[in-house]
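As structure tokens, the structure follows; a few thoughts come after it.
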Amino acid sequence: MWRARTALLSAVITLPLLGVPPAGAEPEPPAPVIEDGVAQPVFDPSEAVREDLFVTANVDSDHDGRDDRVHVQVVRPRETERGMRVPVVYRASPYFAGGNPVTNHDVDRELYVPDGIDARVRRSGQSSPRSSDAEIDWAYQRFLLARGYAVVYAESLGSGSSEGCPTSGGRNETLGAKSVVDWLNGRAPGHGTDGEPARADWSTGRVAMMGVSYNGTLPNAVATTGVEGLETIVPIGAISSWYDYYRADGAVVAPGGYQGEDTDVLAEYVHTNDRNCERVLERLRQGQDRLTGDYNAFWEERDYLHDVDGVRASVLSVHGLDDWNVRTKQAAQWYRALREQGVRHRIWWHQQGHRDPIDIRGRQWLRTLNRWFTHYLHGVPNGVTTEPPVTIQRADGSWHRERQWPAPGARKTLLTPTPGGRARGGLTPTGPVPRGVVETLRDDPSRKAEELARARRSPHRLSYFTDGVPRPVRISGTVRARLALSFDSPAANVTAMLVDRAPDGSVEPITRGWTDPQNRRSRQRTVPVEPGERYRITVEMMPDDYVLPRGHELGLVVLSSDHDHTLRPSAGTELNLDLARSRVVVPAVAGRGVFR
């Protein structure tokens with residue numbers, strides 16, 4: 001039975017304490033109940049109060065001459081009608097109104113060459129079937145309402161009943177989402193659907209933002225503004241740099257499952273209001289620069305790492321180690337930047353893909369979340385700030401707590417490829433390879449990278465393996481392939497994969513990365529490649545935390561185009577790898593003699 005507790009229990013706090021009022025005095029309003037350091041489920045979610053309103057943001061992104069209004073829905077405990085003031089968990093999203101049919105960019109095209117061929121960007125017939133998140137009541141709502149939190153939803157600018165235009169992570173979206181935090185603290189105007197002023201006089205002004213994917217990226221963006229009242233954020237599978245979502249060191253790449261998507265396609269998908277945003281969308285098409293893939297001012301606006309010094313909220317970041325939509329680099333670089341800035345932080349790495357941990361760990365995750373919110377939204381000292389800030393799930397499902405990530409014991413291990421890459425070359429830390437040993441692969445974009453990695457022999461990739469390891473080896477951090485390559489063409493993709501080869505011969509990818517050799521000096525600038533000249537090309541793979549089992553072999557696979565992620569030019573470009581000058585750098589907790 002749902003009810004507000006009135007009796008004082010041992011280790012119980014009410015905020016304020018509930019008790020029997022003096023005769024003739026007004027009764028104290030209800031209050032959340034804190035027991036054993038967490039808010040308790042004492043309120044009935046089925047009796048929640050709902051209200052729709054609009055908050056005015058300090059931005060005019062649809063250029064109609066007036067500030068954009070953000071559509072907001074509030075769901076709060078009934079007891080707030082009797083004077084109870086509660087903190088807020090706030091979810092902003094561009095997906096509540098669903099999405100439009102869209103057409104992705106054609107990725108079967110030639111690569112850009114400065115002053116060379118005209119690599120026109122075309123559209124293909126491929127659609128981008130993004131999930132819409134159209135149901136506004138999300139899985140956490142009952143859980144939060146029962147514990148005395150209000151839940152606030154806001155449609156991102158350009159979507160649903162909100163005004164303005166979508167810009168795929170642009171500044172206007174940040175300001176639109178921020179305005180709701182301001183409204184909850186009395187700093188921004190709000191109006192009901194009837195036009196009457198709406199005030200959040202039921203709110204304590206203490207706010208958390210939380211969501212998955214785009215809905216988790218908006219909290220990262222708003223946190224960089226340092227807005228007062230935003231006490232904590234919980235970004236799940238979230239973006240910290242949009243450049244790293246759609247590009248990789250100059251290479252035009254796609255998030256897993258959305259080949260050919262870019263910022264303009266995503267903005268078209270979520271543009272579900274009636275505003276004329278064609279000029280805004282055209283600026284996206286031009287600014288994103290699918291031709292060169294270079295980092296520019298467009299991407300800098302969408303790079304929240306540049307503004308991490310503005311973050312005042314604590315951060316509980318959650319990310320899947322097998323997430324190839326929003327890749328692990330997004331969480332790893334955000335975590336590193338937060339730590340360097342001294343921001344209160346915690347990171348959860350789980351073994352799944354692009355998913356919410358409520359689907360993975362259930363009640364244990366909800367207990368962690370409740371303790372986090374109880375501390376940062378109620379100010380209760382329950383020990384969350386003294387716990388190890390890193391939680392990692394292993395492949396066997398076990399969970400481990402650590403003080404730092406990557407693992408402090410991880411040491412850079414340099415491995416050198418040895419001849420035989422078309423079938424199965426070696427990968428060893430000992431003995432130099434004779435100079436002049438060069439092995440060649442020929443690009444075939446029609447073949448998937450996983451298929452090439454598992455092939456016993458192929459002219460379209462080079463693969464190199466260690467011997468079976470005598471004990472488990474933990475790989476923790478970012479693997480880098482430092483490759484000495486020459487090309488027979490002025491443009492090429494370069495892809496490197498780290499793989500696990502089991503004793504039965506099966507091969508499974510661990511992580512991978514991509515680069516454009518024309519951006520070998522800088523991701524900001526394309527520099528021509530001279531066919532036949534050898535270059536030092538570094539491929540930074542996606543950060544990982546992986547345990548290579550005893551008896552398994554660690555492998556490096558080098559290929560050119562990655563069918564599911566990179567552009568796919570005509571087949572046939574040759575890449576020549578100088579083995580003696582190439583290395584793969586593996587951050588491993590291994591000890592001497594483990595790689596042979």
Side-chain angles (χ1 to χ4, degrees), residues 48-76 88-100 130-138 140-141 144 150-203 207-219 221-222 225 227 229-230 266-277 280:
V49 176
R50 290 176 180 263
E51 55 186 322
D52 277 276
L53 58 112
F54 292 90
V55 171
T56 302
N58 187 26
V59 64
D60 177 16
S61 63
D62 53 16
H63 307 290
D64 65 353
R66 61 188 180 88
D67 286 343
D68 299 335
R69 297 192 308 164
V70 179
H71 178 226
V72 176
Q73 184 177 97
V74 173
V75 189
R76 51 187 169 88
V88 172
V89 179
Y90 164 33
R91 184 187 188 209
S93 175
Y95 294 138
F96 291 143
N100 301 306
R130 280 199 170 269
S131 60
S132 68
D133 257 355
E135 177 55 56
I136 199 168
D137 292 343
W138 111 103
Y140 294 93
Q141 181 174 288
L144 294 167
V151 179
V152 169
Y153 302 97
E155 292 186 294
S156 186
L157 293 184
S159 68
S161 297
S162 288
E163 298 173 348
C165 294
T167 55
S168 298
R171 182 68 175 171
N172 69 304
E173 293 184 358
T174 300
L175 294 177
K178 171 184 175 290
S179 69
V180 178
V181 180
D182 285 328
W183 173 73
L184 289 164
N185 283 272
R187 297 188 300 268
H191 294 85
T193 54
D194 58 2
E196 291 298 311
R199 285 178 285 273
D201 50 11
W202 45 265
S203 167
V207 182
M209 290 188 73
M210 176 178 174
V212 181
S213 196
Y214 208 145
N215 305 352
T217 301
L218 287 165
V222 175
T225 70
V227 60
L230 183 61
L266 182 57
E268 287 177 23
Y269 178 81
V270 303
H271 180 214
T272 49
N273 67 13
D274 59 1
R275 302 285 155 162
N276 184 350
C277 294
V280 174

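Remember, it's a predicted structure, so these values are computed and weren't measured experimentally. The chain is numbered in sequence order, starting from 1.
When atom types are taken as modelled, the side chain of Q73 and the backbone of Y153 share no donor-acceptor pair closer than 3.5 angstrom. Side-chain atoms of D52 do not come within 3.5 Å of backbone N or O of T193 as any donor-acceptor pair. Side chain of S61 to backbone of G164: no donor-acceptor contact under 3.5 angstrom is found. No donor-acceptor pair under 3.5 Å is formed between the side chain of E268 and the backbone N or O of N100. Without hydrogens or angle criteria, D60 side chain to D64 main chain gives a donor-acceptor distance under 3.5 Å. In this structure, the side chain of N185 engages the main chain of V181 through a donor-acceptor pair within 3.5 Å. In this structure, Y90 contributes its side chain and L230 its backbone to no donor-acceptor pair below 3.5 Å. In this structure, the side chain of D182 does not engage the main chain of R187 through any donor-acceptor pair within 3.5 Å.
Looking at heavy atoms from C-beta onward, L53 lies in side-chain contact with W183 at the 4.5 angstrom threshold.
Between the side chains of D67 and T56, no donor-acceptor pair of N or O atoms lies under 3.5 Å.
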Task: side chain to side chain contact (heavy atoms under 4.5 Å, CB included) assessment of N215 paired with W138 - done: CA-CA 12 Å; N215 305 352; W138 111 103; over 6 Å; no
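The aromatic rings of H71 and F54 sit tilted, their planes meeting at an angle between 30° and 60°.
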